[in-house]
Asker: 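Here it is, the structure in full.
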Amino acid sequence: MLSLKYIRENTGYVQESLTHKQSQVNISNLLEFDIQRRNCLKEVEVLRAEKNQVSNSIAELKKAGGNAEKDIAEMRSVSNRIKTVEADLRKVEESIANDIYYVPNIVHSSVPVGKNETENIVIKKWGDVPEFSFDPKDHLSLGEDLQLFDFKRSVKMAGAGFPLYTGLGAKLERALINFMLDFHTSKHNYTELFPPFLAHTNAMQNTGQLPKFKEDMYQIPEDALYCIPTAEVPVTNFHQGEIIPEAELPKKYAAYSACFRREAGSYGKDTRGLIRVHQFNKVELVKFVHPDESYKELETLLENAEAILQALGLHYRILELCSGDLSFSAAKCYDLEVWSPAENKYLEVSSCSNFENFQARRSNIRYRNKSTGKSELLHTLNGSGVATPRLMVALLETYQQKDGTIKLPTALHPFMNLEKISIP
RNA sequence: GGAGAGUUGGCAGAGCGGUAAUGCAGCGGAUUGCUAAUCCGUCAACCUUUAAUUUGGUUGCACAAGUUCAAAUCUUGUACUCUCCGCCA
C-alpha cells in the first residue's frame, strides 16, 4: 500500500498513476479523511497535553499530602472531552484504513502508458517458431495418446479444472519442478524454501491478494485460512516484520508450491486442458532488495526466468506490460510467454514484477541503512520461474515427433531418466 | 480437544496504578600512540514547525473494550507463541 503521507504530498502523481492504471479508485475521499484526521489529532493532542500536565500536578500534590480535589474535577471534564474526540478520530482512521488498502501501487515512470493488454509492448523474442513436416497435435491429444493426464477421472475427485497427471505425465511434471528448483538454486543462487500452502488473512493482505481479490481465492472459513494462489504469499511473508541488515541484501528465494485459483468470472475462456486450471504447480522466485537496486534486480529476475525456457529450448517472447494491464500491487511488470504450436499463440508462463515498497509497507519489512543506522522499507520483487501447466503444453507440442513420441530436451534427461516419451 | 505459562524498542530484560529502568548491538560525536578501550548523545510512529537530519507536542508495553482524576500495571474478551496431557500420519 501507499502511505497516506505520500498520497498527500504527491497527489498529482498518484492521480496520474491511477488514471494510467485504469483504476476507478477515488483518492479525494481519502484526502478529505486525511484533513479530518489531522484536525482531530491536533485537538486530541492539545487536550492530552493538558491532561498530562494536570495529572502530574495531582501526583505531586498527593505525594506532598495536599488536596487535589479541584484538579481532579477539572480532569474529569477534560477526560470526557478527550473520549469524544478520540471516538471521532478512531472513526476517521477506520475509514482511512478501509480505503487505503484499495489504492493500487503507483506506476513506474518507465512503464508505457496504455489502456489494456492490447497495448503491451513486445520487447524480445527468443528462438524460432518450431516448424513441422506433419500436422502437429495439440497437448490434449498428445496427452491422451501417451496417457500423460486424465481429465475425466480428475472430475471424480475435485471437478473440472483440477488436473490429474498420470504415468510419465506425472513424472514429467515432477521432473519440471525439480529441474527448475535445481536450476535456480545452483545457477542463480536462490535459497530454496518449501512453504505452507495455506495462509491466513494477514499474510494475504500483506502481499495484496486481500482485501481486493477475496473471491478469487479458495477459503477455509473454519480456520480463517486461504489456499495460496502463489508461493509469493508465504515466501514474501518469510521476512514479515523483520529488519534485515543492509549487507545481507539482496535476499533471494526460490520456492515450489501448488497454486489455487478460483478463476471466478473466467468460465468459458481457455477451458481446454491445461491452459487455465484451478490448481497448478509453480516455482516462484522472490527477492528482497535495496530500494536503489530494485529495477536492476527486476532485469536479472527476468533473465533468471528466461533461462528456464532457454534451457528447454522453447520459443518465447517478453512483453513489457503497459500501465493499464499492470496488476494492483505492481509498479512495473514483464510477462514471459511461451509458444504453443497447436494453439498457434503465445501462452503466459511467468510475470516478473517490481512491487517497490508496496508489499514491504503492508508487511513491515525493512532493512537497516548502514550509513544512517535507520530502518527503511525495502523493495520486493517476484516472478514465476515458471508455472508448469502451459510450460507442459509448449514442451509436448514443440517436441512431438511424427511417430507420436515426444523427444525430451537434454536438460530434462537426468530428471526423467529417459530421452523420449513414447506410446505405452 | 483439555490444562498451564507467556507476549514490553533491533535484541536481551526490569517495572505490577502517578513522566517506559538498565545492558548489548547500530548510528553520530569526543578523547586516548595504533586489531581496541572509555565517555557523551542518539536510537519507533505520528502531528506541528523549519532551509534543515530544526522546534514544540502526542502516541507507543500483542489487539480490543472497561474501571480510574490517572493504566505497561487492575478487570473482561480476542489473537498468537511455548510447555504438559489426549488423539493422530
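All values reported here derive from a predicted model rather than from experimental measurement. Throughout, protein chains are lettered first and strands after them, A, B, ... in sequence-line order, and every chain is numbered starting at 1. Any value given below was found using the heavy atoms of this structure, including those in side chains, with hydrogens, waters and symmetry copies removed.
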Asker: Could you work out the separation of C27(B) and G18(B) based on their P atoms and round it to a whole Å?
Answerer: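 It comes out at 37 Å once rounded to the nearest Å.
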
Asker: Compare side-chain N and O positions of S79(A) against OP1 and OP2 of A70(B) and report whether any pair is under 4.0 Å apart.
Answerer: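 Checking A70(B) against S79(A), a side-chain N or O does come within under 4.0 Å of OP1 or OP2.
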
Asker: Let me spell it out: for each of A49(A) and L41(A), pick the nucleotide of RNA chain B with the closest heavy atom. Which residue's pick is nearer the 5' end?
Answerer: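 Looking at the nearest nucleotide for each, L41(A) comes out on the 5' side.
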
Asker: What is the pairing partner of A79(B), taking Watson-Crick or G-U wobble pairs with both distances under 3.5 Å in any strand?
Answerer: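 The base-pairing partner of A79(B), which may sit in any strand shown, is U7(B).
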
Asker: For the side chain of R37(A), starting at C-beta, report the closest nucleotide among C47(B), C69(B), U68(B).
Answerer: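 The answer is C47(B), which lies nearest to the side chain.
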
Asker: Compare the minimum distances between each of C46(B), G18(B), C69(B) and the side chain of R76(A), then state the nucleotide with the smallest one.
Answerer: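 So the side chain of R76(A) is nearest to C69(B).
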
Asker: Check the distance between A45(B)'s C1' and Y6(A)'s OH and give it to me in whole angstrom.
Answerer: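 It is 21 Å, rounded to the nearest whole Å.
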
Asker: Please tell me which of the listed nucleotides, C47(B), G18(B), A71(B), lies nearest to the side chain of E45(A)?
Answerer: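 Given the options C47(B), G18(B), A71(B), the side chain of E45(A) is closest to C47(B).
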
Asker: Passes salt bridge (Lys or Arg N to Asp or Glu O under 4.0 Å), E242(A) versus R366(A)? Steps please.
Answerer: CA-CA 6 Å; E242(A) 295 183 10; R366(A) 295 167 291 171; over 6 Å; no

Asker: For C40(B) and A25(B), measure between their P atoms and round to the nearest Å.
Answerer: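 Nearest-Å result for C40(B) against A25(B) at atom P: 15 Å.
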
Asker: Can you tell which of U58(B), A71(B), C47(B) lies closest to the side chain of R48(A)?
Answerer: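 Output: U58(B).
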
Asker: Paired with A72(B) by Watson-Crick or G-U wobble geometry, both distances under 3.5 Å: which nucleotide is it?
Answerer: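 None - no nucleotide pairs with A72(B), as no candidate has both distances under 3.5 Å.
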
Asker: Let's test this: given Watson-Crick or G-U wobble pairing with both distances under 3.5 Å, identify the partner of U19(B).
Answerer: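 None - no nucleotide pairs with U19(B), as no candidate has both distances under 3.5 Å.
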
Asker: What's the gap between U7(B) and A72(B) when it is taken at their C1' atoms, as a whole Å value?
Answerer: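 The same atom, C1', in both gives a distance of 12 Å.
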
Asker: Given that both distances must come in under 3.5 Å, which nucleotide forms a Watson-Crick or G-U wobble pair with U53(B)?
Answerer: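 The base-pairing partner of U53(B), which may sit in any strand shown, does not exist here.
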
Asker: Mind calculating the distance between CG (N56(A)) and C1' (A20(B)) to the nearest angstrom?
Answerer: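 Spelled out: CG on N56(A) to C1' on A20(B) is 14 Å.
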
Asker: Using atom C1' of each nucleotide, how far apart are C11(B) and C16(B) to the nearest Å?
Answerer: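 Nearest-Å result for C11(B) against C16(B) at atom C1': 24 Å.
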
Asker: C61(B) pairs with which nucleotide, Watson-Crick or G-U wobble, both distances below 3.5 Å?
Answerer: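 Across any shown strand, C61(B) pairs with none.
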
Asker: Rounded to whole Å, how long is the line connecting atom OH of Y367(A) with atom C1' of A44(B)?
Answerer: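 In whole Å, A44(B) C1' and Y367(A) OH are 17 Å from each other.
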
Asker: Between H200(A) and Y226(A), is the ring centroid distance below 6.0 Å?
Answerer: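 Ring-ring flag for H200(A)/Y226(A): false, centres at least 6.0 Å apart.
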
Asker: Rounded to whole angstroms, how far apart are CD1 on I72(A) and C1' on G17(B)?
Answerer: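 Distance, rounded to whole Å: 13 Å.
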
Asker: Rounded to whole angstroms, how far apart are CD on E86(A) and C1' on A71(B)?
Answerer: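 Distance, rounded to whole Å: 13 Å.
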
Asker: Could you tell me whether K407(A) sits above the aromatic face of Y399(A), with NZ or CZ closer than 6.0 angstrom to the six-membered ring centre and within 45 degrees of the axis?
Answerer: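 So K407(A) doesn't make the cation-pi contact.
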
Asker: Where the side chain of I243(A) is concerned, which of U68(B), G18(B), G10(B) is the nearest nucleotide?
Answerer: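 Of all the options, the side chain of I243(A) is nearest to G10(B).
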
Asker: Report the distance from atom CD of E248(A) to atom C1' of A25(B), rounded to the nearest whole Å.
Answerer: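 Rounded to whole Å, this separation is 14 Å.
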
Asker: Regarding R8(A), tell me which of base, sugar-phosphate or nothing describes its non-hydrogen contacts under 4.0 Å with the strands shown.
Answerer: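 Sugar-phosphate: the residue R8(A), judged by heavy atoms under 4.0 Å, touches backbone atoms but no base.
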
Asker: What does K370(A) touch in the nucleic acid at a heavy-atom separation under 4.0 angstrom: a base, only the sugar-phosphate, or nothing?
Answerer: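 Touches sugar-phosphate only.
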
Asker: If you compare every side-chain N and O of N52(A) against the phosphate oxygens of U59(B) (OP1, OP2), does one of them come in below 4.0 Å?
Answerer: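 The answer is yes; a side-chain N or O of N52(A) sits under 4.0 Å from OP1 or OP2.
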
Asker: Determine which nucleotide pairs with C84(B), using a 3.5 Å limit on both distances of a Watson-Crick or G-U wobble pair.
Answerer: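 Check on C84(B): paired to G2(B), both distances under 3.5 Å.
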
Asker: Checking contacts here: which listed nucleotide (A44(B), C46(B), U48(B)) is nearest the side-chain heavy atoms of K42(A)?
Answerer: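 Minimum distance to the K42(A) side chain belongs to U48(B).
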
Asker: If you measure from the C1' atom in U32(B) to the same atom in G17(B), how many Å do you get, rounded?
Answerer: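 Pairwise C1' distance, U32(B) against G17(B), rounds to 48 Å.
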
Asker: Using a heavy-atom cut-off of under 4.0 Å over every strand shown, decide if N369(A) touches base, sugar-phosphate, or nothing.
Answerer: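 No contact at all - N369(A) keeps every heavy atom at 4.0 Å or more from the nucleic acid.
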
Asker: Whole angstroms only, please: what is the CD-P distance between E246(A) and A25(B)?
Answerer: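 So the CD-P distance, E246(A) to A25(B), works out to 20 Å.
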
Asker: Taking U48(B) as the reference, what is the distance to U55(B) when you measure between their C1' atoms (whole Å, please)?
Answerer: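 After rounding to an integer number of Å, I get 9 Å for this pair.
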
Asker: How close or far is atom C1' of U59(B) from atom CD of E50(A), stated in whole angstroms?
Answerer: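 Computing the E50(A):CD to U59(B):C1' distance gives 18 Å.
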
Asker: With nearest nucleotide decided by heavy atoms, which residue, K374(A) or M75(A), maps closer to the 5′ end of RNA chain B?
Answerer: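 Counting from the 5' end, the first nearest nucleotide belongs to K374(A).
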
Asker: Are the side chain of N237(A) and the backbone of Q240(A) linked by a donor-acceptor contact shorter than 3.5 Å?
Answerer: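 Flag not set: sc N237(A) to bb Q240(A) has no pair under 3.5 Å.
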
Asker: Under 3.5 Å, is there a donor-acceptor pair between the E173(A) and T388(A) side chains?
Answerer: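 Present: a donor and an acceptor within the cut-off.
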
Asker: Show your reasoning for whether side-chain contact (heavy atoms from CB on, under 4.5 Å) applies to Y256(A) and M180(A).
Answerer: CA-CA 9 Å; Y256(A) 155 75; M180(A) 293 189 285; over 6 Å; no

Asker: Report yes if a side-chain nitrogen or oxygen of K5(A) is closer than 4.0 Å to either non-bridging phosphate oxygen (OP1 or OP2) of A45(B); otherwise report no.
Answerer: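 No, because none of the side-chain N or O atoms of K5(A) sits under 4.0 Å from OP1 or OP2 of A45(B).
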
Asker: Is the side chain of S363(A) donor-acceptor paired with the backbone N or O of A360(A) at a distance under 3.5 Å, no angle test?
Answerer: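 No: the side chain of S363(A) does not pair with the backbone of A360(A).
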
Asker: Does K137(A) pair with E397(A) as a salt bridge, N-O distance under 4.0 Å?
Answerer: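 Judged by the 4.0 Å cut-off on N to carboxylate O distance, K137(A) and E397(A) do not form a salt bridge.
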
Asker: Quantified in whole Å, what is the C1' atom distance between nucleotide C63(B) and nucleotide U81(B)?
Answerer: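 Nearest-Å result for C63(B) against U81(B) at atom C1': 15 Å.
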
Asker: Need one value for S371(A): base, sugar-phosphate or nothing, where a base atom within 4.0 Å counts as base even if backbone is also close, heavy atoms only.
Answerer: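 Here S371(A) touches the backbone only, sparing every base.
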
Asker: So, H290(A) versus Y367(A), ring centres under 6.0 angstrom or not?
Answerer: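 Ring-ring flag for H290(A)/Y367(A): true, centres closer than 6.0 Å.
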
Asker: At under 4.0 Å between heavy atoms, what does R90(A) touch on the DNA or RNA strands: base, sugar-phosphate, or nothing?
Answerer: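 Sugar-phosphate contact only.
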
Asker: With respect to the side chain of R368(A), which nucleotide from G10(B), C47(B), A70(B) is positioned closest?
Answerer: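 When the side chain of R368(A) is considered, G10(B) is the closest of G10(B), C47(B), A70(B).
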
Asker: Using the C1' atom as the reference point in each nucleotide, state the distance between U67(B) and G77(B) in Å, no decimals.
Answerer: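 Taking atom C1' in both U67(B) and G77(B), they lie 15 Å apart.
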
Asker: Looking across every strand, which nucleic acid part, if any, lies under 4.0 Å from I58(A) by heavy atom: base, sugar-phosphate, or nothing?
Answerer: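 Base contact - I58(A) has a heavy atom under 4.0 Å of at least one base atom.
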
Asker: Quick one: look up who U42(B) pairs with, Watson-Crick or G-U, both distances under 3.5 Å, and put none if it's unpaired.
Answerer: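 U42(B) is paired with G26(B).
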
